[in-house]
Novice: 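Below is a structure I'd like to ask you about.
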2 protein chains.
Amino acid sequence: MARKTKSDTEQTRQQLIAAARKVFALRGVSRTTLAQIANEAGVTRGAIYWHFKNKPDLFFAMLEQVSLPMIHRINENLPAVDPRDPLRGVQASMHEILRLMKEDEIARTTFEIVVLKCEYVDEFASLESRVIKTGCDFMQTLKRAYEEAREQNLLRDGIDPAQCAMESFVFIKGLIHLWLSDVDGTIVRGKAHSLIDAHITMRYKQVLY
Amino acid sequence: MARKTKSDTEQTRQQLIAAARKVFALRGVSRTTLAQIANEAGVTRGAIYWHFKNKPDLFFAMLEQVSLPMIHRINENLPAVDPRDPLRGVQASMHEILRLMKEDEIARTTFEIVVLKCEYVDEFASLESRVIKTGCDFMQTLKRAYEEAREQNLLRDGIDPAQCAMESFVFIKGLIHLWLSDVDGTIVRGKAHSLIDAHITMRYKQVLY
DNA sequence: TTATATACAAACGTGAATGTTTGTAAAGGA
DNA sequence: TCCTTTACAAACATTCACGTTTGTATATAA
């Protein structure tokens, strides 16, 4: 095989990651063969073993490519929406997550793999704590938003910000899972956005029309 | 091998199902070997192939053993808690789900497998529609309860029963997933019950103390 | 210009899981 | 009592994915 230029090499790596994501989503992580991934990328297994140690290594590389920018984006943008009304920020970030899953195929496919096409076991067990940690960070951001909302007298009486944040996180978690499971879109996908609105509305002191 | 009596045969079958559940939860469905299951049950693979067609067949037999009675139980008991206050029924059925996961090891392990140790792909793809269908049935039950609550003037103004039911379902789905992921119990498990209470309280017209 | 490291392809060896077949001791019916 | 069926165990053959090794053309550094 002819040696590639540096940019060609990086391109091969990216093709491998893209191919891995595609086949993982199609066949499930455990059933996908490195040969299938190589074939999808138009190379041989040799290329995979050059760029990655093994399947888990490739898996986490694929994950990292999406998760890091996304986490940053969600948490960063949440407080910036409307400083006068933090609940709008929470609402916007939830809608943003849905938008990502709808319009960003890479993000959607990656979510799909993590939620439905992967077993949290052995080398992939660490994925669990990783997901948990991401969730905790998001919950912290939510908590700050709800505290802010309470200080601005927007939050409904008798609602604890920390508990409220956790419930919102539980809500988003469930929504993502159901959205992904509802492949034909007849149950959840059509109503997801209005569900978010209802979820947020219930947290306002005054119901706004 | 000596032939067993009829009850011995059924016992072998049950041992195989129990062993499968244990190893599935430990190694993940795709990585468990029929030899591992047989070994755990104290028999050989021959016994598995006698009682079941293959691994998916054994998997669904294991599932059926738990899911059918449980679905029946949750949906059946919900309206019967307190006919004067359907929201209490919803609350009780949610607590019941948590109680099952805590105290019933078979139920908990089965949930764990379905949520975290199984890839929804190929022969197991049908599991997805099965889970969806169960969820829709539960949502219907929830919807009836919320409609009943509205008729009794208990439900908060501006809440649509159908949407409220879906949000509760989303909530329970997320709670189950997070509860299972939170293995060391530091994040969700300790607060799950009070989260349910907060979720229900938010739906009442008058906040009850 | 040459030498070396690179970026793979191709071939090899190995273990392991699967489904099947064969063997067999005892249970249950006639 | 004998015969058949049952409920497996044990052995077999096959496939197949993995990790490793070897080969090789070329970009790049010296």
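Every chain is numbered from 1 and lettered A, B, ... according to where its sequence line falls, protein lines coming before strand lines. What you see is a predicted model; the values in this text were computed from it and never measured.
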Novice: Strictly distance-based, threshold 3.5 Å: is any side-chain N or O of Tyr120(A) a donor or acceptor partner for the main-chain N or O of Val114(A)?
Specialist: yes

Novice: Is the shortest side-chain heavy-atom distance between Arg31(B) and Gln36(B) below 4.5 Å?
Specialist: no

Novice: Is Thr33(A) touching bases, backbone alone, or none of the nucleic acid, heavy atoms closer than 4.0 Å?
Specialist: sugar-phosphate

Novice: Output the rounded distance in Å from CG (Asp8(A)) to C1' (dC8(C)).
Specialist: 12 Å

Novice: What's the CZ-P distance between Phe52(A) and dA7(C), to the nearest Å?
Specialist: 13 Å

Novice: Between Arg13(B) and Thr32(A), which residue's closest nucleotide on DNA chain D lies nearer the 5′ terminus?
Specialist: Arg13(B)

Novice: Answer yes or no: is there an ion pair linking Asp137(B) with Lys133(B), defined by an N-O contact shorter than 4.0 Å?
Specialist: yes

Novice: For dC8(C) and Thr12(A) - does any side-chain N or O of the residue sit under 4.0 Å from the phosphate oxygens OP1/OP2?
Specialist: yes

Novice: Heavy atoms from C-beta onward define the side chain here; which of dG19(C), dT20(D), dA7(D) lies closest to that of Tyr49(B)?
Specialist: dG19(C)

Novice: Quickly work out the Gln11(A) CD to dA7(C) P distance and round it to whole Å.
Specialist: 14 Å

Novice: Output yes when a side-chain donor or acceptor of Lys117(B) lies under 3.5 Å from a complementary backbone atom of Cys118(A), and no otherwise.
Specialist: no

Novice: Among dC8(D), dA9(C), dT20(D), which nucleotide has an atom closest to any side-chain atom of Thr44(A)?
Specialist: dA9(C)

Novice: Without decimals, in angstroms, what is the distance between Leu16(B) CG and dA9(D) C1'?
Specialist: 13 Å

Novice: Does Thr9(B) have a side-chain nitrogen or oxygen under 4.0 Å from the phosphate oxygens OP1 or OP2 of dA7(D)?
Specialist: yes

Novice: From CD of Glu10(A) over to P of dT6(C), roughly how many Å is that when rounded to an integer?
Specialist: 16 Å

Novice: Measure from CH2 on Trp50(A) to P on dG19(D) and round the result to the nearest Å.
Specialist: 17 Å

Novice: Would you call the rings of Phe59(A) and Phe124(A) parallel, tilted or perpendicular if under 30° counts as parallel and over 60° as perpendicular?
Specialist: perpendicular

Novice: Check the distance between dA10(D)'s C1' and Asn39(B)'s CG and give it to me in whole angstrom.
Specialist: 15 Å

Novice: Is the shortest side-chain N/O distance from His51(B) to OP1 or OP2 of dA7(D) below 4.0 Å?
Specialist: no

Novice: Round to the nearest Å and state the distance from Gln36(B) atom CD to dT18(C) atom C1'.
Specialist: 14 Å

